[in-house]
Amino acid sequence: MITVAEVIVDVAAYPVDRPFDYLVPTEMTNIIECGCRVKVPFGPRNVLGFVVALKNDTEVPLEKIKPVTQILDIEPVLTREMLQLAKWLKHETICYEIDALQVMLPSALRAKYEKFVTLQTNIENLPDSLKEWFQKSERVNLKQFEKNNLLPDIKRALNAKMVTLENVVGQKGKVKEVRKVQICPEREKLNEIVNNISNRAKKQKLLVEWMANHVGEIVDPDIIYQELNTSSQVLQAVIELGAASFIQQEVYRDPFTKEVKKTDFLNLTEEQSTALHKITDAMNRKQSETFLLHGITGSGKTEVYLQAIAKCLEEGKEAIVLVPEISLTPQMTERFRSRFGELVAVMHSGLSVGEKYDEWRKVHQGKVKVVVGARSAIFVPFENVGIIILDEEHESSYKQEDSPRYHARDVAIWRSKYHTCPVILGSATPSLESFARSKKNVYTLLTLKERALKQSLPTVQVVDMREELKKGNRSMFSQQLLESIRVRLEKKEQIVLFLNRRGYSAFVLCRDCGTVLQCENCDISLTYHRSNEKCKCHYCGYEIHVPKTCPQCQSDHIRFFGTGTQKVEEEIAKFFPEARVLRMDVDTTKTKGSHEQLLQAFGDGEADILLGTQMIAKGLDFPNITLVGVLSADTSLHLPDFRAAEKTFQLLTQVSGRAGRHRKPGEVVIQTYTPEHYAIELAKTQEYEPFYEREMHMRHQAGYPPYYYLALIQVSHEDVMMAAEYAGKAADWLRSKLSFQISIIGPTTAGISRLQNRYRYQCLIKYKIEPNLIPTLLQLIKLYRSDWIKKGIILTVDLDPTMI
DNA sequence: AGCACGCCGACT
DNA sequence: GTCGGCGTGCTC
């Protein structure tokens, strides 16, 4: 009987986006499993692939089928669940199956392809230019030749058969190993060695005697050096005598810097326990129910999560907690680690590739039961999930912006159905989609209306900055805000000032001609980085030194403009020279851990005012903060995005929630040029439902979600005319195929009209129910793949886009 | 995608 | 004659 493996190969392209059959050699049949990574020959090269099925026959003619070269995992890296989930993702987001599989694994497990040139002749026969490279070894990485512009020479040598080219498949990350000392497990042998050591070798004798007291133990060599005040030479000598040996031991890289104290459950309010009961009830009934936990800021949502997780652990099941990347601060993760200790793994982008790999391995090996992480943590390979939590469910960072363009919320619900467990979506300001679903009873609504410590919500005042201007106040602070700051400074209470700068970052501008430094490849201004005095494009990586003079007019009045926090800081100093200000922005939080240090300092009362952008809107919880000032509420309101009002309301509610969370009452001052806008008016009362009703009405009128679904088609090409022409073709084609009830807007230029030297056009499709849409889009892709791709067109489809 | 194969023009 | 340009087609 033969064994055949169906393999998804690591080649992202439509024609090969299907399983390929490979013969499993007899010696591998006992080891191979679904979900293993394998090395396979594919056409003329070797690639990595994932085994998605095993069977005993094949349709493929025997002369075509090739054997698996190697199995890379003894234990499968993907569970059956994930193989199914990948198929669903492929269909749901229109992506390649390989991309769906790869996104579930830490990048350390991705393939690394290298090419090696091997010498096949006497080195003397080589051309002079190549000789030196093969002095040390007959096998040299092709990269070396690439770097030194020797590719033509290599090509010639290849044709003359003097060298051969070899593809090597490896993996990016490694398991970290450290060298330890394994002490001999037999006491008698150690005693015998001690007796044989010459009396002149005092240190060796001492060391072996010490070892006799630690028979069979595995110790860190550094401990030996310190404890016995000895050196590696002595240890080496003793090892040669046979008293111990060096071994390699697998270790986890530890991303946690400090230990945390254990904490206990807090008492729940009545609302909290009602919510908790409904959740644990669903767990008991083994039901995949989605809860929307709508709790105002400070209502203690996290405590509900923690106790639900505790219940889940009691049942012997695992828990997944997703948190937006920016609020995944040490304070946040500590709350989980202090409750569940070593059972928690943390996954976020701040970890190195190796650290992420190790956190993933802890899950894979069953060492942890709780994962706290950003978006991609939704794919952790737990096999018995008891609860999934998405905190701040309205956050747009839960949607991945490149392939596979999945939304963590959708994946969470899919997994909850697979494991028949509940999902909790938590937020003080739910997304309209989720709240609408709870109104239709698709999700179960749980409400927390009171703050956990019964504090009242802060009072909110909205200041019309136009009036201030009329009064002749040209500064960025209103009289009202200045007065409030003065009062707090006197009372020795703390202040948070929030600069709404969504979508802005530091840039470089010429004050004479107004030129802003732009990327050469993209239609976007470069971001200034103070640390290395460079300007970088965040989209393509293009980087230049800050020029001394303006490239346009040669003026030397070229200056960097920050997020504005610096300017605010200067102005505060003018009004309140005695105030101690902490500034938190990209500049002051660049190094690892600086974010944490700044917050710690503020919490310890080392400053009176914390000034910052987005990053201070979340999770900040200090008892002495009694005033929150929003310097410009409008900035996020005028972004060209149908969610601008929703995002502004969410942001204002979030920052307002920072004030008066403990005993002292809080005050919020919001400065704006459009106080009449409903997002700002309703943020003042901090009532979600009136905002929801109002915004739903707007969405209904304009034909946006949740009333309509969206799909975004993007067409790009190096040439503007080509991009525009084919975007037009795509739009026309779709209009001819889809029913007239569907509106297709565009093509228009994309938000960033040129990216990596490609011009981009897009069409927006708005639809209610259209069973034909996905098949039609797939047809469009088919059309594109056969014909357009040759002309250099790239077409992407984003179903349910979050940004337009 | 990425590679070989194949056909065609321009060079040591 | 052969080197290298890129259009075509295939990958178990």
Side-chain angles (χ1 to χ4, degrees), chain A residues 2-26 28-29 32 34 36-72 83 90 94-103 110-117 127-130 142-143 145-146 149-170 402-404 716-718 756 758 781-796:
Chain A
I2 54 159
T3 310
V4 174
E6 289 187 12
V7 175
I8 297 288
V9 291
D10 180 18
V11 179
Y14 283 107
V16 293
D17 188 25
R18 62 183 173 87
F20 283 84
D21 285 1
Y22 285 89
L23 207 64
V24 181
T26 42
M28 291 184 194
T29 48
I32 203 157
C34 285
C36 280
R37 293 173 305 151
V38 286
K39 226 190 264 186
V40 289
F42 191 65
R45 62 214 160 111
N46 289 306
V47 294
L48 185 132
F50 292 91
V51 178
V52 292
L54 289 166
K55 54 191 182 182
N56 293 312
D57 52 36
T58 176
E59 313 265 275
V60 182
L62 274 160
E63 67 276 9
K64 265 188 148 184
I65 200 162
K66 292 178 188 173
V68 170
T69 314
Q70 195 192 339
I71 303 173
L72 293 158
L83 297 177
K90 170 183 179 176
I94 311 186
C95 70
Y96 305 119
E97 195 162 338
I98 187 68
D99 281 344
L101 291 167
Q102 303 261 37
V103 81
R110 299 259 168 96
K112 190 173 78 179
Y113 298 101
E114 280 179 309
K115 288 175 187 171
F116 284 92
V117 184
D128 290 343
S129 60
L130 295 179
L142 186 69
K143 260 199 188 139
F145 300 105
E146 239 169 290
N149 296 323
L150 288 166
L151 283 186
D153 302 55
I154 288 293
K155 199 160 191 186
R156 247 171 271 128
L158 217 49
N159 284 339
K161 302 224 156 46
M162 291 194 279
V163 294
T164 50
L165 201 59
E166 175 193 5
N167 281 308
V168 178
V169 186
D402 43 45
S403 177
S716 74
H717 195 274
E718 286 176 14
Q756 305 212 24
R758 302 183 65 86
I781 288 166
K782 223 179 205 171
L783 177 82
Y784 139 84
R785 110 166 74 139
S786 55
D787 182 28
W788 299 14
I789 210 163
K790 288 180 204 127
K791 299 193 168 85
I793 300 280
I794 292 180
L795 182 142
T796 59

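Please read these numbers as outputs of a predicted model, since none were measured by experiment. Proteins get letters first, then strands, A, B, ... in listed order; numbering begins at 1 in each. Just so it is clear, the values below take in all heavy atoms, side chains as well, and ignore hydrogens, waters and symmetry mates.
- One atom, CG of A:Leu158, and another, C1' of C:dC3, lie 14 Å apart when rounded to the nearest Å.
- The cationic atom of A:Arg45 (NZ for Lys, CZ for Arg) does not lie both less than 6.0 Å from the six-membered ring centre of A:Phe42 and within 45° of the ring axis.
- No more than 12 heavy atoms of other residues, nucleotides or ligands shown are found within 6.0 angstrom of CD on A:Glu718.
- A heavy atom closer than 4.0 Å to some atom of DNA chain B occurs in A:Pro44, these being the qualifying members of residues 36-44 of chain A.
- Within residues 55-64 of chain A, no residue has any heavy atom closer than 4.0 Å to DNA chain B.
- The CG-P distance, from A:Asn167 to C:dT11, rounds to 18 Å in whole Å.
- With hydrogens and angles disregarded, a donor-acceptor distance shorter than 3.5 Å links the side chain of A:Tyr22 to the backbone of A:Pro41.
- In this structure, CZ of A:Arg45 is placed 5 Å from P of B:dC3, rounded to the nearest angstrom.
- A donor-acceptor distance shorter than 3.5 angstrom exists from the side chain of A:Arg758 to the backbone of A:Ser716, with no hydrogens or angles considered.
- Between A:Lys90 and A:Asp17 there is a salt bridge, since at least one side-chain N of the basic residue sits less than 4.0 Å from a carboxylate O of the acidic one.
- DNA chain B lies under 4.0 Å from at least one heavy atom of each of the following residues of residues 6-17 of chain A: A:Val11, A:Ala12, A:Ala13, A:Pro15.
- What separates CG of A:Leu48 from C1' of B:dG2 is a distance of 16 Å, to the nearest Å.
- Salt-bridge annotation for A:Glu6 and A:Lys55: present, with a side-chain N of the basic residue lying under 4.0 Å from a carboxylate O of the acidic one.
- If you take CD1 of A:Ile793 and P of B:dA1, they are 14 Å apart, rounded to a whole angstrom.
- Minimum heavy-atom separation, A:Leu83 to A:Cys34: CD1-CB, 3.9 Å.
- Side-chain N/O atoms of A:Asp10 and A:Gln102 include a donor and acceptor closer than 3.5 Å.
- Atom CZ in A:Phe20 sits roughly 12 Å away from atom C1' in B:dA1 (whole-Å rounding).
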Q) Does the pair A:Asn46 and A:Tyr113 meet the rule for a side chain to side chain donor-acceptor pair (under 3.5 Å), with working shown? A) CA-CA 9 Å; A:Asn46 289 306; A:Tyr113 298 101; over 6 Å; no
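- If you take CG of A:Asn46 and P of B:dC3, they are 11 Å apart, rounded to a whole angstrom.
- Heavy-atom minimum distance, A:Leu165 versus A:Val117: CD1-CG2, 3.8 Å.
- A:Ile154 has its CD1 atom 13 Å from the P atom of C:dG4, to the nearest Å.
- Within a 6.0 Å radius of NZ in A:Lys66, other residues, nucleotides and ligands contribute more than 12 heavy atoms.
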